[in-house]
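To keep things clear, I will list the structure first and then write my remarks on it.
Every heavy atom of this structure was used, including side-chain atoms; hydrogens, water molecules and symmetry mates were not. Since the structure is predicted, the reported quantities are computational estimates derived from the model, not experimental observations. We count residues from 1, following the sequence as given. Atoms within a ligand are numbered from 1 in the order they appear, just like the ligands themselves.
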Amino acid sequence: MKIAAFGGAGYIGSHTVRELMDRGHTLAVFDNLSSGLRGNLQPGAEFIHGDILQPTQVLEFLQKFQPEGVIHLAAFKAAGESMTNPEKYSTNNITGSLNLLNACAATGVKYFVFSSSAATYGAPQYLPMDEKHPTNPENYYGYTKLAIEQYLKWYDQLKSIKYAALRYFNAAGYDVQGRLNGLEQKPANLLPVVMECAAGMRASMQVFGNDYPTPDGTGVRDYIHVNDLAIGHALAFEKLASTQQSFIVNLGVNSGLSVLDVIKAAEKVSGRKVNYQIVARRAGDPAEVVADPRLAKEMLGWEAKHSDLQTLVETTWKAYLANGVVR
Ligand code: WQD
């Protein structure tokens, strides 16, 4: 299948492009490189330096490439920033996605795989969280993802674009084969922050609270390896093509790791100290978020294979070493 990857030069996007190409699909990447990296581009996949905020660029690209499938991972994802700068998230995440959907409708794209998020659920009302969990996003980023899922429902009904919305939990790790190691600049997520400390790129980090009702008091999350996420996208396309039925599934591993679990594992793998200060809880952070991935298993035959703590931390550390940034 010909597949256009919007945001395909990003961290998750590039791993997904690699997986789809390994499975024989023909890929073209459309990315504005606002956070995506040229170093993440895969030989054999055409690259268009464009912006989903320019509808004509999107339309001309799809008219020329004529893909059957689209993956959409072009979005801003910093939950905290979305609460102080919602305009940026409305424009890029929502308007950008509508530009993309309209171009798909105009060019006969059949399948649309959307990078959604566990942030659509908001605070957990029960754990593990399945797809029936209420969706009450607590940050504007999570709302933008939920809003786009609603548009997808309408474009399925009115324009017969079949979609898969994949609700990621916490993406982490790097390609187990070491083919991709583009580092996020100024990261806010836990794994890269911990690794920057281990690498000596930052003197210390803050642990946002150790008074949660969790085994060691720090926040617990469901970390999923980016290779597992990529495989989930590939299986989602295959499912859409075989059933012509849209669906929403969680991609997570149904087990939680705490902040201190990650810090300790990073110290063990790197042989370096990770300095941290315990500070107040971060507003909006729930104590624990864990996915119920049963539906993805039933529907796609998908289950995480690389998302154990050792692999998550080891592959991330190797990416920092490969970039020559370890001091
Ligand atoms: C993980 C844990 C923090 C940094 C966010 C988005 C979510 C999704 C994943 C896209 C928490 C703690 C972190 C630090 C810390 N993104 N932490 N010090 O908040 O679970 O989810 O990224 O889909 O939508 O909301 O991820 O990596 O920021 O935090 O103590 O410097 O690590 O409190 O417990 P989060 P995170």
Specify the protein heavy atom at minimum distance from [atom]: its residue, its atom name, and the distance to 0.1 Å.
| atom | result |
| --- | --- |
| atom 20 (O) of ligand 1 | Arg221 NE, 2.7 Å |
| atom 19 (O) of ligand 1 | Arg282 NH2, 2.7 Å |
| atom 12 (C) of ligand 1 | Val259 CG2, 3.7 Å |
| atom 23 (O) of ligand 1 | Tyr141 OH, 2.6 Å |
| atom 4 (C) of ligand 1 | Ala188 O, 3.5 Å |
| atom 18 (N) of ligand 1 | Gln206 O, 2.8 Å |
| atom 14 (C) of ligand 1 | Phe208 CE1, 3.4 Å |

Between [X] and ligand 1, which residue portion shows a heavy-atom distance shorter than 4.0 Å: side chain, backbone, both, or neither?
| X | answer |
| --- | --- |
| Leu190 | both |
| Asn189 | both |
| Met205 | side chain |
| Ala171 | neither |
| Tyr121 | neither |
| Tyr168 | neither |

For [X], atoms of ligand 1 separated by under 4.0 Å from a heavy atom:
| X | answer |
| --- | --- |
| Val207 | 30 (O) |
| Ala79 | 25 (O) |
| Tyr223 | 1 (C), 2 (C) |
| Asn170 | 9 (C), 20 (O), 21 (O), 26 (O), 35 (P) |
| Ala119 | 24 (O) |
| Asp285 | 3 (C), 33 (O) |
| Val193 | 31 (O) |

What orientation do [X] and [Y] show, parallel under 30°, tilted 30 to 60°, or perpendicular over 60°?
| X | Y | value |
| --- | --- | --- |
| Tyr140 | Tyr143 | parallel |
| Tyr141 | Tyr89 | perpendicular |
| Phe114 | His72 | tilted |

So does Asp156 pair up with Lys153, basic N to acidic O under 4.0 Å?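 Lys153 and Asp156: not salt-bridged.
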Between Arg179 and Asp175, does any NZ, NE, NH1 or NH2 come within less than 4.0 Å of an OD or OE carboxylate oxygen?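 Yes, this pair counts.
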Would Phe61 and Phe30 count as a close aromatic pair, with their ring centres under 6.0 Å?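 Between Phe61 and Phe30, the centre distance is under 6.0 Å.
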Less than 6.0 Å separating the ring centroids of Tyr174 and Tyr11?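 That pair passes the under 6.0 Å test.
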I'd like to know whether Lys77 forms a side chain to side chain donor-acceptor pair (under 3.5 Å) with Asn189, so could you lay out the CA-CA distance, the side-chain angles of the two residues, the decisive distance to 0.1 Å, and finally the verdict. CA-CA 10 Å; Lys77 67 166 176 95; Asn189 290 123; 2.5 Å; yes
Would you check if the side chain of [X] reaches a backbone N or O of [Y] as a donor-acceptor pair within less than 3.5 Å?
| X | Y | value |
| --- | --- | --- |
| Lys145 | Ser115 | yes |
| Asp31 | Leu33 | yes |
| Ser307 | Ala304 | no |

List the steps, then state whether side chain to side chain donor-acceptor pair (under 3.5 Å) holds for Asp130 with Tyr126. CA-CA 9 Å; Asp130 61 12; Tyr126 57 82; 2.4 Å; yes
Gly173 versus Thr316, closest heavy-atom pair with distance: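 Looks like CA-OG1, 3.4 Å.
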Please say whether Ser116 places an N or O atom under 3.5 Å from an N or O atom belonging to ligand 1.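 Among all N and O atoms of Ser116, none is under 3.5 Å from an N or O of ligand 1.
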